[in-house]
Amino acid sequence: QVQLVESGGGLVQAGGSLRLSCAASGSLFSIDAMAWYRQAPGKQRELVARVTSSSNIKYADSVKGRFTISMDNAKDTVYLQMDSLKPEDTAVYYCNAEIYNWQDHKAETQWGQGTQVTVSS
């Protein structure tokens, strides 16, 4: 089974930067796309950014120009560089991977455990 391990969350002042990482591990799988979602208290989980294995990228309007998603295909790792952070970016950030499980011959979606990002004003 594929597992996602996230790192890089924390506390930062408004205007600061953080970099999130998410590494996928397991066997007999390939990644079609990876993404970052976030969920603030009392709100629904929302897509922040998504990148496909062919490098197609999508951002939420609220983070365009401030966040950058990238994927290292050789390491099965996705990164989220977050700059010019705002208090409204405070949330738990979740890594998401759309994978193909070659052992079971099926597409799957996996989630990371989440990492807290807190931006103080």
Side-chain angles (χ1 to χ4, degrees):
Q1 184 176 359
V2 175
Q3 293 186 328
L4 303 180
V5 178
E6 302 156 348
S7 61
L11 172 65
V12 65
Q13 289 188 332
S17 298
L18 284 174
R19 189 190 193 212
L20 306 182
S21 300
C22 173
S25 63
S27 60
L28 298 176
F29 73 97
S30 58
I31 295 175
D32 294 325
M34 296 188 81
W36 290 96
Y37 286 74
R38 67 186 180 187
Q39 187 167 18
K43 295 187 177 181
Q44 290 187 330
R45 189 173 297 189
E46 62 175 358
L47 175 67
V48 176
R50 179 178 182 268
V51 57
T52 70
S53 57
S54 56
S55 300
N56 289 316
I57 292 175
K58 177 181 179 179
Y59 293 102
D61 289 341
S62 59
V63 306
K64 283 181 181 177
R66 300 188 298 121
F67 291 10
T68 303
I69 191 170
S70 60
M71 185 162 64
D72 185 332
N73 291 319
K75 296 182 179 179
D76 292 328
T77 299
V78 66
Y79 306 94
L80 185 67
Q81 177 66 40
M82 304 185 292
D83 298 319
S84 302
L85 282 160
K86 303 176 180 180
E88 50 264 44
D89 294 318
T90 295
V92 177
Y93 283 69
Y94 295 91
C95 178
N96 168 280
E98 300 166 33
I99 66 170
Y100 190 81
N101 183 324
W102 290 101
Q103 184 171 7
D104 297 334
H105 301 285
K106 62 179 182 178
E108 298 178 347
T109 298
Q110 295 291 338
W111 290 91
Q113 77 281 3
T115 185
Q116 178 70 46
V117 171
T118 302
V119 184
S120 62
S121 57

Does [X] reach the side chain of [Y], with side-chain heavy atoms less than 4.5 Å apart?
| X | Y | value |
| --- | --- | --- |
| Arg38 | Ser62 | yes |
| Cys95 | Trp111 | no |
| Glu108 | Phe29 | no |

Practice problem: Could you tell me whether Lys86 and Asp89 have a side-chain N and a carboxylate O separated by less than 4.0 Å? | Solution: no

Mind checking side-chain hydrogen bond (donor to acceptor under 3.5 Å, both in side chains) for [X] and listing every partner two or more places apart, or none if nothing turns up?
| X | value |
| --- | --- |
| Ser25 | none |
| Thr109 | none |
| Asp76 | none |

Quiz item: What are the two closest heavy atoms between Ala49 and Tyr59, and how far apart are they?
Solution: CB-CD2, 3.6 Å

Quiz item: Considering residues, nucleotides and ligands other than Gln3, do more than 12 of their heavy atoms fall under 6.0 Å from its CD?
Solution: no

Self-check item: Short side-chain to backbone donor-acceptor contact, Gln110 and Ile99, under 3.5 Å
Solution: no

Exercise. Quick one: list whatever passes side chain to side chain contact (heavy atoms under 4.5 Å, CB included) with Gln44, sequence neighbours left out.
Key: none

Quiz item: Partners of Ala35 by side chain to side chain contact (heavy atoms under 4.5 Å, CB included), sequence neighbours excluded?
Solution: Tyr37, Leu47, Arg50, Asn96

Hydrophobic cluster membership, with links at side-chain heavy-atom distances under 4.5 Å among I/L/V/M/F/W/Y: are [X] and [Y] in one?
| X | Y | answer |
| --- | --- | --- |
| Val2 | Leu28 | no |
| Met71 | Tyr79 | no |
| Ile31 | Ile57 | yes |
| Leu85 | Val92 | no |
| Val119 | Tyr94 | no |

Quiz item: In terms of side-chain heavy atoms, does Ser17 have a donor or acceptor partner in Asp83 at a distance below 3.5 Å?
Solution: yes

Practice problem: First locate atom SG of Cys22, then atom CD of Glu6, and finally report the distance between them rounded to the nearest 0.5 Å. | Solution: 5.0 Å

Practice problem: Show the numbers, then the answer: is there a side-chain contact (heavy atoms from CB on, under 4.5 Å) between Thr90 and Gln116? | Solution: CA-CA 8 Å; Thr90 295; Gln116 178 70 46; 4.0 Å; yes

Quiz item: salt bridge (charged side-chain N to carboxylate O under 4.0 Å, His left out): which pairs involve residues 16-31, sequence neighbours left out?
Solution: none

